[in-house]
Amino acid sequence: MVTVMTDAPAPPINIALDGFAEGDDPELAGALSFMIEQQGLLQTLVTGIVELVPDTTRWRLTLTGDMISTVNRVTERADDNPYTTDRGAGHAGAITLPHDDGTFDIVVSVDVLFATREDVGSVEALVAHVIAAAEHLSRHEAGHAALRLRGEDADAFQDVRGLSNSDAACRKPLAAHVDDNRIEQYTALHAPSPLHHVDHLTDAIAHLRAELNEAKRTWRADIGAAAYRTLTAANGLVRVLAYLAPELGLDENGTPRRPDPLPDGWADYVEDSWDAWSLTFHRLRPVDEPMTTDQIGAVLADLCRLMNAWMRSIGVDWGLTDDDQEYIFWEKDRY
């Protein structure tokens, strides 16, 4: 690992390059060197983080060529429980890792910064893309640190009361989506991603449809596995919706905007619930505007209720009984 000290005044900012081996993708290595040495990539990343977490002693930044190995090293994960970047229909390209001492490791995948390098038509276009991606990712990851430092991240509000067992079971994943949504509300204004979340929607819907059909086909052999794949895919689509709500925004009448054109499967899996999803997420405030845990928890509770109502509307009846027994029924012959 190589530590790079910036020109910023003391205390120095800790930036590291990790997960690169000699001979790995020389084209990418050359492009990264060019962006660091001539295009101010590190300064762009630092500026984005400082915007939300100005105390530079609170965080370390790592650019990695191997996201999985870097996260495993930083978190000291056991060999039988490695980190995974898989997110259903997509992949994680950056992560903020909190530590007990109140500091954070922010890890950004170089592959994600250069995700469209084969599609751009010029060096200028490549530079613009990488800088825009760096502006976005740095602020998004800093947003997670900012929420935790203010006591407003998922751990602080996810233990909401007054929910049924079934709705309460949705708290943890939906609380993570609440954090992401608040951050994306901020970045939508200050540093939009060059990769549009609406472009992931078709794949997320197709992934859910495929997983529902496979679960329906195999549940008799292993109903636990079939339930897990169903809930994982459903959560994956809702994660995309949490990002999509701030990207599309509301129109002048406060009505949630829709993708144009509508992606395949929208009518089957999203249309009837989109207003509810978007308007509920829009009750949250951007990451730079503080909220109380009670305010956030009230939104989370409604998202939990919405999650199970949406599942039933697409033909999956899942829940927990009063004595915490899980049940699930796939009500359609084909999804």
Side-chain angles (χ1 to χ4, degrees), residues 3-17 32 35-36 38-64 67 74 92-99 101-110 112-115 127-156 176-197 242-243 245-247 249 281-282 284-292 295-296:
T3 300
V4 181
M5 310 305 268
T6 73
D7 294 331
I13 299 171
N14 192 329
I15 305 174
L17 304 180
L32 177 61
M35 291 301 303
I36 290 175
Q38 300 187 41
Q39 299 298 324
L41 175 61
L42 298 183
Q43 186 59 55
T44 297
L45 290 163
V46 167
T47 298
I49 298 172
V50 168
E51 192 168 284
L52 290 170
V53 188
D55 183 353
T56 59
T57 67
R58 289 285 195 172
W59 49 268
R60 295 165 294 275
L61 170 66
T62 300
L63 286 179
T64 181
M67 185 83 170
V74 171
I95 190 171
T96 298
L97 303 167
H99 300 289
D101 64 359
T103 65
F104 303 84
D105 274 285
I106 296 174
V107 180
V108 177
S109 168
V110 171
V112 171
L113 291 176
F114 290 85
V127 169
H129 170 83
V130 175
I131 292 300
E135 290 173 340
H136 175 78
L137 283 173
S138 58
R139 287 166 176 81
H140 183 95
E141 295 310 316
H144 285 292
L147 287 174
R148 192 171 187 90
L149 288 170
R150 291 207 311 264
E152 294 179 35
D153 70 326
D155 288 344
H177 302 335
V178 164
D179 284 357
D180 283 326
N181 176 270
R182 293 188 66 193
I183 295 166
E184 288 297 300
Q185 287 192 43
Y186 179 84
T187 60
L189 293 175
H190 298 276
S193 174
L195 301 176
H196 301 299
H197 299 293
Y243 281 77
E247 180 174 284
F281 277 122
H282 273 96
L284 298 165
R285 304 307 307 151
V287 66
D288 61 329
E289 299 181 21
M291 297 180 69
T292 68
Q295 289 172 326
I296 309 169

Exercise. For residues Ser138 and Gly48, report the shortest heavy-atom separation together with the two atoms involved.
Key: OG-CA, 3.3 Å
Exercise. State the CG-CG distance between Leu63 and Leu41, to the nearest 0.5 angstrom.
Key: 6.0 Å
Quiz item: Where do Ala154 and Ala176 come nearest, in terms of heavy atoms and distance?
Solution: CB-N, 4.2 Å
Practice problem: Could you grab the distance from atom CZ of Arg60 to atom OG1 of Thr103, nearest 0.5 Å is fine? | Solution: 4.0 Å
Quiz prompt | Sub-4.5 Å side-chain heavy-atom contact between Met35 and Val127 | solution = yes
Quiz item: Once you round to the nearest 0.5 Å, how far does CG of Leu52 lie from CG of Leu147?
Solution: 9.0 Å
Quiz item: Tell me, do Glu135 and Thr187 make a side-chain contact under 4.5 Å, heavy atoms counted?
Solution: no
Quiz item: So do Arg182 and Glu152 actually touch side chain to side chain, heavy atoms under 4.5 Å?
Solution: yes
Quiz item: Within a strict 4.5 Å, meaning less than it, do heavy atoms of the Glu184 and His136 side chains meet?
Solution: yes
Practice problem: Could I get the full list of ring pair (Phe, Tyr, Trp, His ring centres under 6.0 Å) partners for His99, not counting sequence neighbours? | Solution: none
Quiz item: Taking C-beta and beyond as the side chain, do Ile49 and Ile13 meet within less than 4.5 Å on heavy atoms?
Solution: no
Quiz item: Taking only residues two or more places apart in sequence or in another chain, which ones pass salt bridge (Lys or Arg N to Asp or Glu O under 4.0 Å) with Glu51?
Solution: Arg139
Exercise. Could you tell me whether a side-chain N or O of Ser193 sits under 3.5 Å from a main-chain N or O of Leu195, the two making a donor and an acceptor?
Key: yes
Quiz item: Listed by chain and number, what are the salt bridge (Lys or Arg N to Asp or Glu O under 4.0 Å) partners of Asp155, not counting sequence neighbours?
Solution: Arg148
Practice problem: Determine, step by step, whether His144 and Asp153 satisfy the side chain to side chain contact (heavy atoms under 4.5 Å, CB included) criterion, reporting the C-alpha distance in whole Å, the side-chain angles of both residues, the deciding distance to 0.1 Å, and the verdict. | Solution: CA-CA 7 Å; His144 285 292; Asp153 70 326; over 6 Å; no
Quiz item: To the nearest 0.5 Å, what is the distance between OG1 (Thr57) and CG (Asn14)?
Solution: 11.5 Å
Quiz item: Between CG of Leu149 and CG of Asp55, what distance do you get to the nearest 0.5 Å?
Solution: 8.5 Å
Self-check item: Test item: side-chain donor near acceptor, Asn181 and His282, under 3.5 Å
Solution: no
Self-check item: Point-to-point distance, once rounded to the nearest 0.5 Å, from CD1 of Ile95 to CG of Leu137
Solution: 12.5 Å
Quiz item: Looking only at heavy atoms, which two atoms of Gly151 and Ala156 are closest? And how far apart?
Solution: O-CB, 3.2 Å
Exercise. Under the side-chain contact (heavy atoms from CB on, under 4.5 Å) rule, collect the residues that match up with Ala145, sequence neighbours excluded.
Key: Val53, Thr96, Phe104
Self-check item: Least distance between heavy atoms, Val112 atom then His129 atom
Solution: O-NE2, 4.5 Å
Quiz prompt | Qualifying residues under side-chain contact (heavy atoms from CB on, under 4.5 Å), relative to Pro192, sequence neighbours excluded | solution = none
Exercise. Return the minimal non-hydrogen interatomic distance between Ala94 and Glu141, and the atom names on each side.
Key: CB-OE2, 3.5 Å
Quiz prompt | Member of Leu97, Val46, Asp105 meeting the side chain to side chain contact (heavy atoms under 4.5 Å, CB included) criterion with Trp59 | solution = Val46
Self-check item: Exercise: identify the closest heavy-atom pair between Ala188 and Pro246
Solution: CB-O, 3.9 Å
Quiz item: Can you name the residues that form a ring pair (Phe, Tyr, Trp, His ring centres under 6.0 Å) with Tyr243, not counting sequence neighbours?
Solution: His140, His197
Exercise. For the residue pair Arg285 and Gln295, establish whether any side-chain heavy-atom pair is separated by less than 4.5 Å.
Key: no
